[in-house]
Protein chains: 2
Amino acid sequence: MRKSNVTRTSSLLSGGAQTKNVAVAGVDRITPVVRVKLSNAVFEDLGQAIINGDYPTGSSLPGELDLASAYGVSRTVVREALYQLTASGLVLSRPKVGAQVLPRESWEYGSAAVIRWVANSPARAEFLHHVTEMRRVVEPEAAALAALRADDGQRARVAEAMADMRLAVEREDVDLFKAADENFHLSIAHACGNPLLMEFAAKLRRAVTLSRETSTQAIDDPKIVEQMKKANVYELAQLAIDAHAKVADAILLGNDKGARKAMTALLKEVDHALTLVLGV
Amino acid sequence: MRKSNVTRTSSLLSGGAQTKNVAVAGVDRITPVVRVKLSNAVFEDLGQAIINGDYPTGSSLPGELDLASAYGVSRTVVREALYQLTASGLVLSRPKVGAQVLPRESWEYGSAAVIRWVANSPARAEFLHHVTEMRRVVEPEAAALAALRADDGQRARVAEAMADMRLAVEREDVDLFKAADENFHLSIAHACGNPLLMEFAAKLRRAVTLSRETSTQAIDDPKIVEQMKKANVYELAQLAIDAHAKVADAILLGNDKGARKAMTALLKEVDHALTLVLGV
DNA sequence: CTGGTTTATTTGTCATACAATATACGGAAA
DNA sequence: TTTCCGTATATTGTATGACAAATAAACCAG
């Protein structure tokens, strides 16, 4: 029933994704040059579908052969995708019963893929709330440790991000500001000397960024628009510069307690407002 | 070049694999219940080998066919294992170049498998140090949130773990004590109302437990034995009971600040000593 | 209706073939 | 000689078909 290989390859990203996802229209156009592995594509789509709640906890995914024909790929590809899902803690597949969706407690929220999916799922708002809560626990500590342990190169990167942020405000360059903000927090995370803390802080930060990106279309929320109008952007920018600078200075001086305190203040006072203005 | 590792694994797998290939009549019936998937076994072994440093960063694993023949499995199985490794952030495989080991920064330290491997690797001591550092950041906050948000059932489980711990000391039952300790911390993590915090705290806790388990054979370290002898176990047990009770009481009373403070003290004063006595 | 057996369906594993891709080699041009 | 470019070759990516193993569901004996 399945004949030509080449045409079927392209039918995966369009046809298969259509059936499950909402808007993957642009995806296959973005990556025509870099040939995406089919199993990764299936992995992405199934993972997003599971996390979106299309397959409730405890239910079984369609059989491997069904999935294969639905996506227009071979059973081999489906299996390889299922193994990635298994490693992400989303499913457990057993003979006869199929790949069962595991309860939320066993998903690997730490995994990059899961974060990506959740940040792009209906549960995005709630997730972002939890992420913010965690950032307020983790990032001040990361700043404190960075003040104590950062080497010269790491301190330089913090300083550089700070400089970029000032430059962005000067030039009124929103994109540069976003990038500098991201760099600022990531460079601190990388300087804290604890790989666990580093990875976790970086992932939290990435979750925020992802949510900002994927929620651009949600700006028609009148409440948010109102808040954005009310905000005095320039004032906010100056406030952000000050708050970030206090953190950076403390880190550069090796003042751990000061860095912790400054980062706490930054997250409490500025970051929420920034998030509102920048898109969530 | 990494022959020793492969051959060791091959022998591990040989029990399950050969029974099928050779089709010896009686052997099949000996181990029919615990049938491990071959790909999972290969996944486990390769992951452990990578994290042990057998394959340095940037190097390529042996080719799929080599791995297949080394492990005595089909190429399909090897590929499925490699896909799990990919999802864990350990390798990235490309045509012709093979599966390259990614730098540590991209390993999913949050993933259960990676934690298992690291907790069982030469880097265990250092990892445990980082884990402890993270616990001192995360668990006090989890306790505080649990005091604010735990429902009746969750509070009951905390109280139950506390009661078990008292019982264990009374009966001088070390195993029960370990279990109660584990339950105590896990129940708090589960009661904090933030899935990210819950998962992270639980994984940190699990890393500690795993390290304790896998290091039983390392107790011949004279320094540790000396410390264990010097420790007054009964005194320590009473200290542990008191410290844990303070946390539990604060949580049950909804006193978040008290819970945070008590947990901080617990981790600072008692937990290290406990870890020493219990096996690390 | 109960309990054990059989059946049927699905996953787990293997083998083979071919397509796609990146390294490495070798030849041509400057 | 060096540099550039195409070809060769080895390895991964994908597809297909086959069989073994496991288990849920149907079935039958009592």
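No experiment lies behind these values; they were computed from the predicted model shown. Quick note on labels: first sequence line is chain A, next is B, and so on, each numbered from 1.
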(request) Counting heavy atoms from C-beta on, name the nucleotide in dT13(C), dT21(C), dA15(D) closest to the side chain of V77(A). (result) dA15(D)
(message) From CG of D66(B) over to C1' of dT12(D), roughly how many Å is that when rounded to an integer?
(response) 13 Å
(message) Looking at D181(A) and R205(A), is any side-chain nitrogen of the basic one under 4.0 Å from a carboxylate oxygen of the acidic one?
(response) yes
(request) Round to a whole Å and report the spacing from CD of E64(A) to C1' of dG12(C). (result) 8 Å
(message) Please check this pair: side chain of Q154(A) against backbone of H190(A), looking for a donor-acceptor N/O pair closer than 3.5 Å.
(response) yes
(request) Would you classify V97(B) as touching base, sugar-phosphate or nothing, given that sugar-phosphate means primed atoms plus P, OP1 and OP2, and contacts are heavy atoms under 4.0 Å? (result) nothing
(request) Calculate the interatomic distance between Y71(A) atom OH and dT14(D) atom C1'; express it in whole Å. (result) 17 Å
(message) Using a strict threshold of under 4.0 Å (side-chain N to carboxylate O), is an ion pair present between E182(B) and K178(B)?
(response) no
(request) Examine distances only and state if a side-chain atom of Q48(B) and a backbone atom of D45(B) form a donor-acceptor pair shorter than 3.5 Å. (result) no
(message) Assuming nearest nucleotide by heavy-atom distance, tell me which of K96(A) and R79(A) is located more 5' along DNA chain C.
(response) K96(A)
(message) Can you measure K37(A) atom NZ to dA20(C) atom P for me and round it to whole angstrom units?
(response) 16 Å
(message) Return whichever of R94(A) or S39(A) has its heavy-atom-nearest nucleotide of DNA chain D closer to the 5' end.
(response) S39(A)
(request) Could you tell me the separation between the CG atom of L67(A) and the P atom of dA15(D), rounded to a whole number of Å? (result) 14 Å
(message) Closer than 3.5 angstrom, by distance alone: can the side chain of Q84(B) be matched with the main-chain N or O of A81(B) as a donor-acceptor pair?
(response) no
(message) Without decimals, in angstroms, what is the distance between E80(A) CD and dT11(C) P?
(response) 16 Å
(request) Round to the nearest Å and state the distance from Q84(B) atom CD to dG12(C) atom P. (result) 11 Å
(request) Check if the side chain of R75(B) and the base of dG13(D) share a donor-acceptor pair of N or O atoms closer than 3.5 Å. (result) yes
(message) Classify T76(A) by what it touches in the nucleic acid, base, sugar-phosphate, or nothing, heavy-atom distance under 4.0 Å.
(response) base
(message) What is the distance, to the nearest angstrom, from the CG atom on L92(B) to the C1' atom on dT11(D)?
(response) 15 Å
